[in-house]
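What follows is a structure written as C-alpha coordinates; I'll ask about it next.
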Amino acid sequence: VQLQASGGGLVQAGGSLRLSCLASGRTFSNYAMDWFRQAPGKEREFVASIDWSGSTTYSADAVKGRFTASRDNAKNTVYLQMNSLKPEDTAVYYCAASRKFSSWLSDQEFWGQGTKVTVSS
(Lines give C-alpha, C1' and ligand atoms only; values in the text may rest on other atoms or scores of the structure.)
Protein backbone atom coordinates (compact mmCIF):
# COMPACT_ATOMS: atom_id res chain seq x y z
CA VAL A 1 0.00 0.00 0.00
CA GLN A 2 1.25 3.45 -0.91
CA LEU A 3 0.05 6.20 1.41
CA GLN A 4 0.00 9.94 0.71
CA ALA A 5 -0.83 12.22 3.63
CA SER A 6 -1.90 15.82 3.18
CA GLY A 7 -3.72 18.65 4.91
CA GLY A 8 -1.16 19.86 7.41
CA GLY A 9 -0.37 23.50 7.95
CA LEU A 10 -0.18 26.36 10.41
CA VAL A 11 -3.19 27.03 12.62
CA GLN A 12 -3.86 29.04 15.75
CA ALA A 13 -4.64 27.37 19.04
CA GLY A 14 -8.31 26.48 19.22
CA GLY A 15 -8.55 26.03 15.48
CA SER A 16 -9.22 22.98 13.35
CA LEU A 17 -7.56 21.03 10.57
CA ARG A 18 -8.51 17.92 8.64
CA LEU A 19 -5.77 15.61 7.49
CA SER A 20 -6.27 13.17 4.63
CA CYS A 21 -4.40 10.06 3.64
CA LEU A 22 -4.94 8.58 0.19
CA ALA A 23 -4.10 4.92 -0.26
CA SER A 24 -3.27 3.07 -3.45
CA GLY A 25 -1.89 -0.22 -4.59
CA ARG A 26 -3.90 -2.75 -2.61
CA THR A 27 -7.43 -3.28 -1.36
CA PHE A 28 -7.88 -0.41 1.05
CA SER A 29 -10.71 -2.02 3.00
CA ASN A 30 -8.41 -4.90 4.00
CA TYR A 31 -6.43 -2.52 6.19
CA ALA A 32 -7.11 -0.84 9.46
CA MET A 33 -5.67 2.65 9.44
CA ASP A 34 -3.83 4.57 12.09
CA TRP A 35 -2.55 8.06 12.66
CA PHE A 36 0.67 8.68 14.55
CA ARG A 37 2.60 11.85 15.23
CA GLN A 38 6.14 12.81 16.03
CA ALA A 39 7.09 16.08 17.66
CA PRO A 40 10.66 17.43 17.44
CA GLY A 41 12.95 15.51 19.77
CA LYS A 42 10.25 13.03 20.73
CA GLU A 43 9.33 9.51 19.78
CA ARG A 44 6.54 8.74 17.36
CA GLU A 45 3.29 8.26 19.24
CA PHE A 46 -0.13 6.84 18.52
CA VAL A 47 -2.96 9.27 17.84
CA ALA A 48 -5.99 7.40 16.48
CA SER A 49 -7.02 4.18 14.82
CA ILE A 50 -9.98 3.12 12.69
CA ASP A 51 -10.97 -0.39 11.74
CA TRP A 52 -11.45 -1.84 8.27
CA SER A 53 -15.06 -0.76 7.82
CA GLY A 54 -14.88 2.48 9.79
CA SER A 55 -17.32 1.26 12.42
CA THR A 56 -14.85 1.30 15.30
CA THR A 57 -12.35 3.96 16.25
CA TYR A 58 -9.91 4.38 19.08
CA SER A 59 -7.90 7.43 20.07
CA ALA A 60 -5.14 8.33 22.49
CA ASP A 61 -6.08 10.00 25.75
CA ALA A 62 -4.22 13.17 24.74
CA VAL A 63 -6.57 13.76 21.81
CA LYS A 64 -9.77 12.06 22.94
CA GLY A 65 -12.78 14.27 22.39
CA ARG A 66 -10.84 16.54 20.03
CA PHE A 67 -9.58 14.32 17.20
CA THR A 68 -11.69 11.88 15.18
CA ALA A 69 -10.58 9.35 12.59
CA SER A 70 -12.89 8.44 9.73
CA ARG A 71 -12.56 6.72 6.37
CA ASP A 72 -14.21 6.50 2.98
CA ASN A 73 -13.40 3.13 1.46
CA ALA A 74 -14.90 4.17 -1.87
CA LYS A 75 -12.30 6.94 -2.05
CA ASN A 76 -9.45 4.91 -0.51
CA THR A 77 -9.01 7.71 1.99
CA VAL A 78 -8.72 8.01 5.75
CA TYR A 79 -9.17 11.30 7.55
CA LEU A 80 -8.18 12.82 10.86
CA GLN A 81 -10.42 15.68 11.96
CA MET A 82 -8.57 17.75 14.54
CA ASN A 83 -10.50 20.28 16.59
CA SER A 84 -9.57 22.50 19.53
CA LEU A 85 -5.93 22.28 18.56
CA LYS A 86 -3.26 23.03 21.14
CA PRO A 87 0.38 24.05 20.72
CA GLU A 88 1.38 20.63 22.07
CA ASP A 89 -0.32 19.05 19.05
CA THR A 90 2.48 20.45 16.88
CA ALA A 91 4.12 17.50 15.13
CA VAL A 92 4.53 15.67 11.87
CA TYR A 93 1.50 13.45 11.43
CA TYR A 94 1.79 10.07 9.73
CA CYS A 95 -0.84 7.70 8.46
CA ALA A 96 -0.18 3.99 8.62
CA ALA A 97 -1.87 0.81 7.44
CA SER A 98 -2.07 -2.58 9.09
CA ARG A 99 -4.11 -5.72 8.62
CA LYS A 100 -4.47 -5.66 12.41
CA PHE A 101 -6.67 -3.18 14.23
CA SER A 102 -3.88 -2.07 16.49
CA SER A 103 -2.41 1.04 18.03
CA TRP A 104 1.05 -0.47 18.22
CA LEU A 105 3.66 1.18 16.06
CA SER A 106 5.34 -2.18 15.43
CA ASP A 107 2.11 -3.61 13.93
CA GLN A 108 1.98 -1.02 11.16
CA GLU A 109 2.99 -2.38 7.76
CA PHE A 110 2.94 0.70 5.55
CA TRP A 111 3.59 4.37 6.28
CA GLY A 112 2.82 7.65 4.60
CA GLN A 113 5.42 10.38 4.26
CA GLY A 114 3.99 12.64 6.98
CA THR A 115 2.36 16.04 6.96
CA LYS A 116 3.43 18.82 9.30
CA VAL A 117 1.00 20.48 11.69
CA THR A 118 2.04 23.61 13.56
CA VAL A 119 -0.23 25.10 16.20
CA SER A 120 0.64 28.62 17.31
CA SER A 121 -0.30 29.98 20.73
Legend entry - For the student: nearest non-hydrogen atoms of S16 and N83, plus distance: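 So the two residues come closest at OG-OD1, 3.0 Å.
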Inset, instruction - Could you tell me the separation between the CD atom of Q113 and the OH atom of Y94, rounded to the nearest 0.5 Å? - result: 9.0 Å
Inset, instruction - Give a yes or no on whether the backbone of R99 and the side-chain of W52 come within a donor-acceptor separation of less than 3.5 Å. - result: yes
Legend entry - same_hphob_cluster(F36, V119) at 4.5 Å side-chain heavy-atom cutoff: no
Legend entry - Pair F101 + Y58: ring centers closer than 6.0 Å: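 For F101 and Y58, the ring centres are not under 6.0 Å apart.
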Legend entry - S98 side-chain N/O to D107 backbone N/O, donor-acceptor pair under 3.5 Å: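 Side chain of S98 to backbone of D107: a pair is present.
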Legend entry - Check ion pair K86-D89 (N to O, under 4.0 angstrom): no
Inset, instruction - Please check if any side-chain donor atom of S29 sits under 3.5 Å from a side-chain acceptor atom of T27, or the reverse. - result: no
Inset, instruction - Using the ring of W111 (Phe, Tyr or Trp, six-membered ring only), decide whether R44 places NZ or CZ under 6.0 Å from its centre and within 45 degrees of its axis. - result: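 Yes, a cation-pi geometry.
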Legend entry - CG on D72 to OH on Y79, rounded to 0.5 Å: 5.0 Å
Legend entry - Check: A91 main-chain N/O paired with Q38 side-chain donor or acceptor under 3.5 Å: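 It does not hold such a pair.
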Legend entry - Basic-acidic side-chain contact under 4.0 Å: R71, D51: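 No, R71 and D51 are not salt-bridged.
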Inset, instruction - May I ask you to establish whether R37 and Y93 are in a cation-pi arrangement, using a distance under 6.0 Å from NZ or CZ to the six-membered ring centre and at most 45° from the ring axis? - result: no
Inset, instruction - Measure the spacing between CG of D34 and CH2 of W104 and express it to the nearest 0.5 Å. - result: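 The distance works out to 12.5 Å.
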Legend entry - Cluster overlap V11 with V92, hydrophobic side-chain contacts below 4.5 Å: no
